Structure formats: structure tokens, C-alpha cells
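In this text the structure is predicted, and so the values were computed from the model without any measurement. Just follow the structure's listing: the first ligand is 1, and inside any ligand the first atom is 1. For reference, positions follow the sequence shown, starting with 1.
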Amino acid sequence: MEALVNGIHLHHVQAGNGIPLLLIHGYPLDHALWQPQVNGLADTNVARVIAPDLRGFGQSDAPEGAYTMETYADDLFALLDVLQVERAVVCGLSMGGYIALAFWQKYANRVRGLILVDTRAGADAPATRQARLDMVEQVKQHGSAPAADAMLPRVLSQSTRQSRPDLVESVHAMMLRQPPTGIIGAQLGMAERPDSTPTLPTITVPALVVFGAEDVITPAETEGRGLANAIPGAKLVIIPNAGHLSNLEQPEVFNTAVRKFLSANERQ
Ligand code: MLT
């Protein structure tokens with residue numbers, strides 16, 4: 001499905017009839033990241049799953065320029081309006097988590113719960129920011145492949161890499177199909193994102209923090225525990241044998257945690 005928001009077409013899939021659950025993918029990925037949740041959560045009608053392709057990714061339009069986390073949040077706010085969703089549980093993985101926090105900062109009254117997956121609240125260190133700008137130059141010259149090749153070895157756990165060549169291949173293909181304009185827009189936007197750490201104690205809705213135990217990009221023991229400790233009442237789930245893409249690597253465990261969270265949310 002397509003929605004016209006903020007002057008661009010945003011592609012999204014929807015499934016199920018339960019609590020609206022907005023799933024925000026990471027970089028450099030698209031809504032297909034959430035296929036196990038679209039299948040596994042909507043099936044039982046626990047959730048009305050809404051999985052968009054962010055601007056610049058998947059089948060959504062990819063305008064030129066930096067995509068700030070606030071811009072992405074504005075797009076998603078407009079999408080919820082088009083879909084007539086009053087309040088959603090907002091779930092974001094990695095860059096999707098940066099966006100979920102930006103969404104909370106600006107549109108808290110549209111949020112009924114937050115799920116932060118393999119992400120962080122802090123801004124980039126100077127070296128990370130520089131690496132993003134270097135990647136932008138590489139993508140301008142060579143297309144999406146340098147971004148895909150740099151990310152692929154870091155996003156999956158060792159066990160997934162050894163036992164699931166099919167999954168490794170499909171994640172690589174997902175990264176390779178993202179347009180250079182979208183990758184550049186996301187890198188420039190992430191490089192300038194502010195520190196959201198002061199936002200964490202302001203979160204007044206139920207929150208779930210989910211991390212892969214083997215995540216090397218946003219480690220569970222530091223980033224995951226840090227988020228859960230800073231958000232009032234947040235629950236932390238650390239998933240064994242999973243890396244940065246924990247929802248894709250261990251979908252059953254991930255979906256069970258989300259289902260439990262949604263059931264508690266339903267009663268509120
Ligand atoms: C992601 O998975 O979205 C990225 O690791 C985010 C980032 O580059 O900071």
C-alpha cells in the first residue's frame with residue numbers, strides 16, 4: 001500500500017486487527033526486516049501491524065538531502081493520520097529506535113507503548129560521525145554496495161552466520177537493494193542526530209527493551225541495560241544466539257516478548 005505523506009509516497013504493509021503496532025526498520029533495510037512479526041503477530045490478531053518503508057528505503061520515495069530523525073518521525077505521524085490510528089505502540093530497531101525516541105519527543109500523545117530494539121539513545125561519537133561522512137562519499141562513488149558490505153558482517157550473530165546462510169543472503173540482498181540516495185540521506189541524518197538520553201526518564205508509557213545477546217553494534221550489557229535502567233518501569237529482554245537483528249534471528253523468542261508486552265498494554 002502507498003500513502004502520500006509530506007509530499008512523498010510511503011510504502012507500507014498492514015496486517016492483523018489488534019493493538020496498532022508501528023514497526024520502524026533500521027539502516028540500510030526496509031519493511032521486510034519485520035516479515036517474521038508481520039506473519040507471527042498479525043496472525044493471532046494480537047496486533048494490527050503497520051510496517052512502513054521509511055523515506056529513501058524499500059519502495060518509498062527517496063528525495064535528495066539529509067533525513068533527520070525528526071523528518072522520519074514527521075512522516076510516521078502523517079502515516080498514522082492517513083491510517084486513522086489514534087495511538088500506536090511504537091517499535092524501532094537501531095535507527096528505527098532513534099526515530100522512535102524522536103517520535104516520543106514530538107508526538108507523545110500518539111504513543112501507547114514503546115519497544116526499543118538493539119538501539120541507543122546517545123548521539124554519535126566524533127569518529128562514528130566521520131565514518132558516516134566517509135561512507136556517504138563511498139556511496140556517492142560506488143552505489144549501495146559499500147554500505148551493504150560494511151554492515152553485513154556486523155549485524156548477525158556468529159551462530160546465525162554459521163547456521164543460516166539463507167538469512168545472511170537475504171539480509172545482504174535487502175541492503176543491496178536500497179537506493180544510494182536513501183542510504184546517504186539516512187547517514188547524514190544519523191550523523192546530526194541529538195543525544196536523546198535526557199528523554200529517557202520522560203517516558204511515561206510502558207516500555208520494552210529487546211536486545212540480541214551478541215549484538216556488537218549496540219551491545220546488550222551496556223546499551224540495553226542503560227536504556228532499561230533509564231526508562232521508568234522498562235522491562236529488558238536479552239535474546240541468546242541473536243545479534244543486532246534480533247527480531248529476524250530469533251523471531252519466536254522476539255514475538256513472545258512482544259506478545260506478552262502487548263497483552264499487558266491492552267489491559268491498560
Ligand atoms: C542500524 O542498524 O540501523 C544502524 O546500525 C544504525 C546506525 O548506523 O547507527
Could Arg110 and Asp81 be called an ion pair, given the rule that one side-chain N must be under 4.0 Å from one carboxylate O? yes

Between Asp124 and Arg132 (salt bridge meaning N to carboxylate O under 4.0 Å), is one present in this structure? yes

Which residue, His11, Gln59, Arg177, forms the side-chain hydrogen bond (donor to acceptor under 3.5 Å, both in side chains) with Asp30? Arg177

Distance only, no hydrogens: is a donor on one side chain within 3.5 Å (strictly under) of an acceptor on the other, for Thr160 and Glu249?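 Glu249 and Thr160 do have a side-chain donor-acceptor pair below 3.5 Å.
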
Any side-chain donor near an acceptor of the partner, Ser94 and His244, under 3.5 Å: yes

For ligand 1, would you mind listing the residues that have at least one heavy atom less than 4.0 Å away, ordered by chain and number?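 Within 4.0 Å of ligand 1, protein side: Gly26, Tyr27, Ser94, Met95, Tyr98, Arg132, Met151, Met190, Ile217, His244.
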
Asn45: side-chain hydrogen bond (donor to acceptor under 3.5 Å, both in side chains) partners, not counting sequence neighbours: none

